[in-house]
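Remember, it's 1-based here, ligands and their atoms both numbered in the order they're listed.
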Amino acid sequence: MQIKNIYKKKKPIISFEIFPPKKESPIDTIYDTIESLKDLKPDFISVTYGAGGSTRDKTIEIASLIKNKYYIETLAHLTCISLTEEKLQKFIEELKENNIQNIMALRGDLPQNFNEELFQKSQYKYASDLIKSIKKDDEICIGGACYPEGHFECSSLEKDIENLKIKVDSGADFLITQLFFDNESFYRFIDLSYKKGINVPISAGIMPVTNKKQIERMISLSGASLPAKFSRIMAKYENNPQALKEAGIVYATEQIVDLLSWGIDGIHLYTMNRPETVRRIIQNISNIREALEYKDNIN
Ligand code: FAD
């Protein structure tokens, strides 16, 4: 099923993101993760795409497993880096052979050796270029990324939202946000986006932080700002892994409860392939999820 149709039928959508195991690890290591996530009844599970296409085959293989073995809808990520029209068509063909109709179309982070010349030579410079190309095929539904605090390369949030409008006008059917820890920044972003005429469903990307190393890495990668409350909790428990994990789960739960009460289209949990953490969060919101979920009655 095309994910845009799930958004039409149901609110809120609960989705998860997983990543393929590293090159040297066997693919089987992901099976247990999916098996555990399955019981939590996600509306879809997305599978990331490694830098420069390093996980291409695994991305398709895992997405196929999610769809055809577990019967859960899936979203295969794809990035512009080193992509050509021919490779794109092959990717789409393989997805169709595996009964997959959804692509998360991304530019990808530019590799360190990427200079202006290489950038200009790229067939797809921005995610919107890739989206335009995929859009020619109406069997494929397209997701795009968005950034509540602005993308780190862009001069301002307003400019980034102008670029986001191009992405949506190019054919993105729904959006998923970068992780954030401050819901107020998300609400501000939504307000600005609506004013710009962006009216596709948006899922909020939430990452439960459960260990110190992960926090440092994620914050430097995402550039997400840290509310004082978050920093206080992390500083207090950084040397107590169990307490930190507990606090991270509670923090993410509180964020989600607030977003659900606000009336969000969907929550996308960055699982970090840790189903136990996700399970605890989903259990925490199970009654709220049930109370809010409505189906087939959205105008
Ligand atoms: P774009 O939308 O192309 O934006 C990139 C920059 O260019 C922004 O600063 C934007 O403002 C600017 N811009 C956009 N369009 C234009 C235009 N027409 N003219 C001028 N400037 C423009 N990375 C991976 O490698 N694999 C993954 O699987 C993956 N999954 C992700 C999932 C989510 C939900 C998110 C939020 C990010 C993900 N990323 C992934 C990271 C992503 O690839 C990076 O954040 C990347 O730097 C930007 O990708 P984008 O698709 O948002 O790019």
When you measure from [atom] to every protein heavy atom, which one gives the shortest distance, and what is it?
| atom | value |
| --- | --- |
| atom 9 (O) of ligand 1 | His151 ND1, 2.8 Å |
| atom 14 (C) of ligand 1 | Tyr126 CD2, 3.5 Å |
| atom 32 (C) of ligand 1 | His77 CE1, 3.7 Å |
| atom 44 (C) of ligand 1 | Asp109 OD1, 3.2 Å |
| atom 3 (O) of ligand 1 | Ala127 N, 2.9 Å |
| atom 5 (C) of ligand 1 | Arg107 NH1, 3.6 Å |
| atom 40 (C) of ligand 1 | Leu106 CD1, 3.9 Å |
| atom 49 (O) of ligand 1 | Tyr147 OH, 3.5 Å |

Worksheet item: Crowded around Glu153 CD? As in, over 12 foreign heavy atoms under 6.0 Å?
Response: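 Atom CD in Glu153 is packed in, count exceeds 12.
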When only distance counts, is [X] in polar contact with ligand 1, meaning an N/O pair under 3.5 Å?
| X | value |
| --- | --- |
| Asn163 | yes |
| Gly108 | yes |
| Tyr49 | yes |
| Met104 | no |
| Asp160 | yes |
| Thr79 | no |
| Lys167 | yes |

What atoms of ligand 1 come closer than 4.0 angstrom to any heavy atom of [X]?
| X | value |
| --- | --- |
| Gln178 | 36 (C) |
| Thr48 | 28 (O) |
| Ala145 | 35 (C), 36 (C), 52 (O) |
| Ile176 | 34 (C) |

Ser46 and side chain to side chain contact (heavy atoms under 4.5 Å, CB included): which single residue from Ile176, Leu75, Thr271 fits?
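It is Leu75, the one option of Ile176, Leu75, Thr271 that forms the side chain to side chain contact (heavy atoms under 4.5 Å, CB included) with Ser46.
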Q) With distance as the sole criterion, is a donor-acceptor pair present between the side chains of Thr29 and Ser25 under 3.5 Å? A)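 Per modelled atom types, Thr29 and Ser25 side chains form no pair under 3.5 Å.
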Is there a donor in the side chain of Thr48 and an acceptor in the side chain of His77, or the other way round, less than 3.5 Å apart?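 Note: Thr48 and His77 side chains miss the donor-acceptor criterion.
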- prompt: Using the benzene-type ring in the case of Trp, are the ring centres of Tyr31 and Tyr70 under 6.0 Å apart?
  reply: no
Logged contact type for Tyr270 with ligand 1, heavy-atom cut-off 4.0 Å, is side chain
